Amino acid sequence: MADMEKPQNVAEQAATNFIHNIIDKDLENQTYGGRVYTRFPPEPNGYLHIGHAKSICLNFTTAEKYGGKCNLRFDDTNPVKEDTEYVDSIEADVRWLGFQWDKLLFASDYFGKMYDCAVLLIQKGKAYVCDLSAEEIKQHRGTLTEPGKESPHRNRTVEENLTLFENMKNGAYPDGEKVLRAKIDMTSPNMNMRDPVIYRIAHTEHHKTKDQWCVYPMYDYAHPIEDAMEGITHSICTLEFEDHRPLYDWVLRELEWVEPPQQIEFARLNLTNTVMSKRYLKALVDEQNVTGWDDPRMPTIAGLRRRGYTPEAIRDFCDRIGVSKANSMVDIALLEHCIREDLKEKVETRMVVLDPLKVVITNYPEDQTETVEIENNKEVEEKGTRKVSFSRELYVERDDFMEVPVKKYFRLFPGNEVRFKGAYFITCQEVIKDEDGNVTELRCTYDPETRSGSGFDGRKVKGTIHWVDAKTAKPITIRSYSHLMVENEEGENILNPDSMREFEAYGEATLAEIKAGERCQFFRHGYYIADEKLTTGDEKVFNQIVDLKSSWKK
RNA sequence: UGGGGUAUCGCCAAGCGGUAAGGCAAUGGACUCUGACUCCAUCACUCGAAGGUUCGAAUCCUUCUACCCUAGCCA
């Protein structure tokens, strides 16, 4: 029984936000009979990115918090931009993040119902077929400060509208010839209410309904119907739709929906040094500035996944950034903090030398090799120890040596003794240089009594460094990253030509066991993942996930 | 120039009339078989500005300022 209650096991309940406040009030007033139902409604026209993750987390965790449900719904009302490749990737990404939708739906599932609703609006005299061209409609719309003018077709009879709309549906007209418009108010200060187009003609094959339809509903008309049909209570979207809310409400009111869902807007995510526009990301892919949507430098879910980010880290991030209506720019350092936080207690550590400098232990027998045992970090103690070979010739990191040390430098320098991780105390005795004066080798001595685990405590050293055994070192390829985008002098985001650097490195022999997709921490360097596409059998390619923070400066 | 929004620490963000939570970043220190991790400390007499109401305001009122969205048969 002895299970003493652990002092508040953190269990940090997600911070509440203004949306929760709205829902709390609805619950109090029994607005939806106590129901909470949300949805994540992406258009399948690209891959999901970290900004979508914010919306996904918000919708799913909000539903979960109130014991409600959340749907995944593809908003596929524009056949010219959408593709099945995208619906597959979106499904996979949402699932990877760890969320379970109640229903998987498509806006196109409702095309029939939407058509019927449009007929209903026509019958109520609330919609009409307009023959104006796109350009003419634009002319009639007026400007931000001037009211619009009514279309000459605005007052067609119900019967005529019904016939015309049916003809539209039956393919009697080419694209652009006619549209169906809501009859609202051409003088409204809100442009969205100036008789918005709600149906257009498009003789294009739809990824799902194929050639069943040649008229397609517009977002503003379709979205409220989709929400209402699914019993959505809180339709969460981003700020730019705020001006569309009156139209959202108008559609449902004219359709006489009882308990209509309510639209709530929040600020989309912006990240420093990151471009999130789908248009731009697609261009990066198309112009081959990156290797694909899942390039480890991309802010897409697929890219972050391949880069080594975990769903836990991304969800933690979304939790920490909060939700509000204020436009903001989140520092990417927070995302990096989240992945370090998650990985530090999950992954093992390895010794890898990125820029090797040869070390010869002059008092160590020429042909001897021994095995030393290396412990993991405290955070992953349960993973135990691993065995690594040690012998006379080793490689250490070039910057773990300084011929003339700066103050507070306590790694290798002439005459200084340091601990080689898991092995011995080593003293630098002599520096070998080539004719150009470059350091090519360090001649050192070791103290046999100081073997790791021997209990030796005769003296202490300030520094501990990593190393690899020259004889058994495993050559690997490292890819290290910096931001894909950087700011130029004008303060605009441009492509960083140095966003990826690839080079050869040496790791301890145990790296041979690492499989594609596995992560580890390289001492002093950061967290890495064996690339899921480039790591094959003996070939090891490691992507840098994030570096380690360091408080040491020269 | 119309309409709709938003302004709280370098970056996010709580707060909803009772006298400024938290996280990231930063800084100083302790610890350390890696300078990581951990720990401890510091970090908004002030809430875009100016007035007003009140015993008391970031929270209410007035005026002003800045920034974002908005004139697709995109979503």
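This one's a predicted model, so the numbers in the text were calculated from it and none came from an experiment. Below, chain A is the first sequence line, B the second, and so on; all start at residue 1. Side-chain atoms are counted along with the backbone in the values below, which use heavy atoms only and exclude waters and symmetry mates.
Contact check, A/Arg340 against B/rU38: no side-chain N or O comes under 4.0 Å of OP1 or OP2. Side-chain nitrogen and oxygen atoms of A/Arg279 include none within less than 4.0 Å of the OP1 or OP2 phosphate oxygen of B/rC74. In this model, the phosphate group of B/rU34 is not approached by any side-chain N or O of A/Lys462 to a distance below 4.0 Å at OP1 or OP2. Regarding contacts with the backbone of B/rA36, a side-chain N or O of A/Ser551 is found under 4.0 angstrom from either OP1 or OP2. For the pair A/Lys378 and B/rA36, the criterion of a side-chain N or O lying under 4.0 Å from OP1 or OP2 is not met. For A/Lys81, no side-chain nitrogen or oxygen approaches OP1 or OP2 of B/rC74 to under 4.0 Å. Close to B/rA75, at under 4.0 Å from its OP1 or OP2, lies a side-chain N or O of A/Arg200. At the phosphate of B/rC68, neither OP1 nor OP2 sits under 4.0 Å from any side-chain N or O atom of A/Arg268.
Taking atom NZ of residue A/Lys460 and atom C1' of nucleotide B/rC33, one finds them 10 Å apart after rounding to whole Å. The CD1 atom of A/Ile426 sits 16 Å away from the P atom of B/rC33 (whole-angstrom rounding). Note: CG (A/Asn78) to P (B/rC74) measures 6 Å, nearest angstrom. Rounded to an integer number of Å, the gap from A/Glu336 CD to B/rA26 C1' is 16 Å. One interatomic measurement links the two molecules: CD of A/Glu381 to P of B/rC37, which rounds to 17 Å at whole-angstrom precision. Taking atom NE2 of residue A/His337 and atom C1' of nucleotide B/rG22, one finds them 12 Å apart after rounding to whole Å. If you measure from atom CD of A/Gln521 to atom C1' of B/rC37, you get 9 Å, rounded to the nearest angstrom. We find that CD of A/Glu136 is positioned 16 Å from C1' of B/rG72, with the value rounded to whole Å.
The residue A/Leu132 sits close to a base: some heavy atom pair falls under 4.0 Å. Across all strands, A/Gly463 comes closer than 4.0 Å to no nucleic acid atom at all (heavy-atom distances). Nucleic acid contact for A/Gly453: base, since at least one base atom lies under 4.0 Å from a heavy atom of the residue. A/Ser133 comes within 4.0 angstrom of a base, heavy atoms only. As judged by a 4.0 angstrom heavy-atom cut-off over every strand, A/Phe410 is placed among the base-contacting residues. Among the heavy atoms of the strands lying under 4.0 Å from A/Asn21 is at least one base atom, whether or not backbone atoms are also near. The residue A/Val80 sits apart from the nucleic acid: no heavy atom pair falls under 4.0 Å. Among the heavy atoms of the strands lying under 4.0 Å from A/Thr143 is at least one base atom, whether or not backbone atoms are also near. Within the nucleic acid shown, A/Arg524 comes within 4.0 Å of at least one base atom, counting heavy atoms only. At the heavy-atom level, A/Phe241 lies under 4.0 Å from base atoms of the strands shown. Base engagement by A/Ile137 is indicated by at least one non-hydrogen atom pair under 4.0 Å involving a base atom. If you check every strand for non-hydrogen atoms under 4.0 Å, A/His244 touches a base. Contact annotation for A/Lys138: backbone-only contact, meaning every heavy-atom pair under 4.0 Å involves sugar-phosphate atoms and none involves a base. When heavy atoms are screened at a 4.0 angstrom cut-off, A/Asp243 is found touching base atoms of the nucleic acid.
Residues passing the side-chain hydrogen bond (donor to acceptor under 3.5 Å, both in side chains) test with A/Arg519: none are found, sequence neighbours excluded. With sequence neighbours excluded, no residue forms a ring-ring contact (aromatic ring centres under 6.0 Å, His included) with A/Tyr527. Shown here are the side-chain hydrogen bond (donor to acceptor under 3.5 Å, both in side chains) partners of A/Asn273, two or more places apart in sequence or in another chain: there are none. Partners of A/His140 under the ring-ring contact (aromatic ring centres under 6.0 Å, His included) rule, at least two apart in sequence or in another chain, do not exist in this structure. Listed by chain and residue number, A/Asn59 satisfy the side-chain hydrogen bond (donor to acceptor under 3.5 Å, both in side chains) test with A/Ser55 (two or more places apart in sequence, or in another chain). Residues forming a salt bridge (Lys or Arg N to Asp or Glu O under 4.0 Å) with A/Lys54 (at least two apart in sequence, or on another chain): none. Annotation: side-chain hydrogen bond (donor to acceptor under 3.5 Å, both in side chains) contacts of A/Arg181 (sequence neighbours excluded): none.
If you check B/rA25, B/rC69, B/rC74 against the side chain of A/Ala333, the one that comes closest is B/rA25. Listed nucleotides B/rG2, B/rC33, B/rA71 differ in distance to A/Thr145; the shortest reach to its side chain belongs to B/rG2. Of the listed nucleotides (B/rC33, B/rA26, B/rA75), B/rC33 has the atom at the smallest distance from the side chain of A/Ser452. Taking every side-chain heavy atom of A/Lys344 into account, B/rU38 is the closest of B/rG15, B/rU38, B/rC33.
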Name the pairs: protein N/O against N/O of nucleotides 6-12 of chain B, kept only if under 3.5 Å.
unit_1 : atom_1 : unit_2   : atom_2 : d
B/rC11 : O3'    : A/Met329 : O      : 3.1
B/rC11 : O2'    : A/Met329 : O      : 2.7
B/rC11 : O2'    : A/Asp331 : N      : 3.4
B/rC12 : OP1    : A/Met329 : N      : 2.9
B/rC12 : O5'    : A/Met329 : O      : 3.4
B/rC12 : O2'    : A/Ile321 : O      : 2.7

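Base pairing of B/rG18 is made with B/rC55, judged by Watson-Crick or G-U wobble geometry with both donor-acceptor distances under 3.5 Å. The partner of B/rC24 is B/rG10, by the rule that a Watson-Crick or G-U pair needs both atom distances under 3.5 Å. Pair assignment for B/rU34 gives none, since no Watson-Crick or G-U wobble pairing has each distance under 3.5 Å. When both distances must be under 3.5 Å, the Watson-Crick or G-U wobble mate of B/rA49 is B/rU63.
With a glycosidic angle no further than 90° from 0, B/rG72 counts as syn.
Annotation: side chain of A/Glu397 is not in contact with side chain of A/Met351 (no heavy-atom distance under 4.5 Å). The shortest distance between side-chain heavy atoms of A/His153 and A/Leu164 does not fall below 4.5 Å.
Between A/Tyr216 and A/His206, the two ring planes are parallel [angle under 30°; tilted spans 30° to 60°]. In this structure, A/Trp293 and A/Tyr47 have parallel ring planes: the angle between them is below the 30° cut-off, well short of the 60° mark.
Here the options are A/Tyr128, A/Tyr173, A/Tyr115, the test is ring pair (Phe, Tyr, Trp, His ring centres under 6.0 Å), and the partner is A/Phe165; only A/Tyr115 passes.
For the pair A/Pro217 and A/Ala267, both in contact range of RNA chain B, the more 5′-proximal nearest nucleotide belongs to A/Ala267. Comparing A/His466 and A/Leu144, the nucleotide of RNA chain B nearest to each residue sits closer to the 5' end for A/Leu144.
At a non-hydrogen distance threshold of 4.0 Å, A/Pro189, A/Met191, A/Val197 from residues 180-197 of chain A come into contact with RNA chain B.
Across B/rU53 and B/rC40, the matching P atoms stand 47 Å from one another, rounded to whole Å.
Aromatic pair A/Phe317/A/Tyr309: ring centres not closer than 6.0 Å.
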